[in-house]
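Numbers restart at 1 for each chain; the letters A, B, ... are given by sequence-line order, proteins then strands.
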Amino acid sequence: MSEIIPRSFYSRRVIEVAPDLVGMWLVRQINESIQRVQIVETEAYEQSEPACHAHRGQTSRNMVMFGCAGYAYVYFVYGMHYCFNIVTDKENTASAVLIRAVAFPDNAHLGAGPAKLCKALSIDKTLNGIDVTNPQGGLWLEVGESPPLTQTTRIGITKGVDLPWRWYWQSHQSVSKTSRQLNNK
DNA sequence: CCGGTGATGCCCT
DNA sequence: GGGCATCACCGGT
């Protein structure tokens, strides 16, 4: 078994943590059942830029982002989907890494999108605010590998579109494909 | 293969 | 009341 990723890993600037999370294992436990998937795509969001939910200040929805690193920020969007983030940096520096895609061992499409992976792993709002450095919460991360990365602009947003804050496992089948991106820029 | 669009509910203005 | 860090489906090519 791999080692669990400690809080110090997440307590750095979000643009350092986001690329480092690609290749790590995400583990979901519900009762006796365990799913282990590998992160293949992430995006960084930080209060200073307009695409971030915390850009206009603290609200009840984004409160977790203002807290300590290593906690889950799960939000509901488009009336039917959840997205899962991990809070980074220090307290009161609102920032988080959006987990955009994960690889399931037997199905390349199951985790190829932020809402799809939440559905496949049964991640919903009840996990908002849990500690992902503690297995007691049923959702944690373990050290994996450092694959070849491609860096591009973020997708699915209308503001802050020029920041190159999306990273994915180069040529991996499970990377989300909503928007076509040119490789190796 | 590709772009357009409807579903659906919560949060913030 | 508008907009949203999405997705699957539809129809034209």
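- The separation between A/Phe84 atom CZ and C/dA5 atom C1' is 14 Å, rounded to whole Å.
- Between A/Tyr78 and A/Lys125, the residue anchored nearer the 5' end of DNA chain B, judged by the nucleotide with its closest heavy atom, is A/Tyr78.
- Across C/dC7, C/dA5, B/dA7, the shortest atom-to-atom separation from the side chain of A/His81 is found for C/dC7.
- Where stacking is scored as ring centres under 5.5 Å apart with planes under 30°, A/Tyr45 registers as stacked on the base of C/dA5.
- Look at CZ on A/Arg154: it is 11 Å from P on C/dT6, rounded to the nearest Å.
- For A/Phe76, the side-chain atoms get nearest to B/dG9 when compared with the rest of B/dT8, B/dC12, B/dG9.
- Pairing for C/dC10 goes to B/dG3, judged as Watson-Crick or G-U wobble with the two contacts each under 3.5 Å.
- Going from atom CG of A/Asn62 over to atom P of C/dG3 covers 20 Å, rounded to whole Å.
- Under the Watson-Crick or G-U wobble criterion, with both distances below 3.5 Å, B/dG9 is paired with C/dC4.
- Here C/dC7 is the nucleotide among B/dC12, C/dC7, C/dA5 with the atom lying nearest to any side-chain atom of A/Ala115.
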Does the side-chain contact (heavy atoms from CB on, under 4.5 Å) test come out yes or no for A/Thr93 and A/Gln47, once each step is laid out?
-> CA-CA 7 Å; A/Thr93 300; A/Gln47 186 173 12; over 6 Å; no
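- For the pair A/Thr158 and C/dC4, the criterion of a side-chain N or O lying under 4.0 Å from OP1 or OP2 is met.
- Within the structure, every side-chain polar atom (N or O) of A/Lys119 is placed at least 4.0 Å from both OP1 and OP2 of C/dA8.
- Straight-line distance from the CG atom of A/Leu117 to the C1' atom of C/dA5: 12 Å, rounded to whole Å.
- Note on A/Arg100: a side-chain N or O is less than 4.0 Å away from OP1 or OP2 of C/dT6.
- If you check B/dT8, C/dA8, C/dA5 against the side chain of A/Met80, the one that comes closest is B/dT8.
- The shortest side-chain heavy-atom distance between A/Phe9 and A/Val17 falls under the 4.5 Å cut-off.
- Note: CG (A/Asp124) to C1' (B/dC10) measures 15 Å, nearest angstrom.
- In this structure, CG of A/Leu98 is placed 6 Å from C1' of C/dA5, rounded to the nearest angstrom.
- For A/Met65, the side-chain atoms get nearest to C/dA5 when compared with the rest of B/dT13, B/dC12, C/dA5.
- The residue A/Ile157 sits close only to the backbone: its heavy atoms come under 4.0 Å of sugar-phosphate atoms, none of a base.
- When rounded to the nearest whole Å, the span between OH of A/Tyr82 and P of B/dT8 equals 15 Å.
- Taking the six-membered ring where tryptophan is involved, the planes of A/Phe76 and A/Tyr82 are tilted, since the angle between them lies from 30° to 60°.
- B/dT13 atom P lies 13 Å from atom CD of A/Gln58, rounded to whole Å.
- Remark: the A/Tyr75 side chain and the C/dA5 base include a donor-acceptor N/O pair separated by less than 3.5 Å.
- Proximity note for A/Pro114 (side chain, C-beta onward) versus C/dC7, B/dC11, B/dA7: the nearest is C/dC7.
- Checking each of A/Val74, A/Ile86, A/Leu127 against A/Leu139 for a side-chain contact (heavy atoms from CB on, under 4.5 Å) leaves exactly one that passes, namely A/Leu127.
- No side-chain donor-acceptor contact under 3.5 Å links A/Asn31 and A/Ser33.
- As judged by a 4.0 angstrom heavy-atom cut-off over every strand, A/Ala51 is placed among the base-contacting residues.
- A donor-acceptor distance shorter than 3.5 angstrom exists from the side chain of A/Gln35 to the backbone of A/Ala120, with no hydrogens or angles considered.
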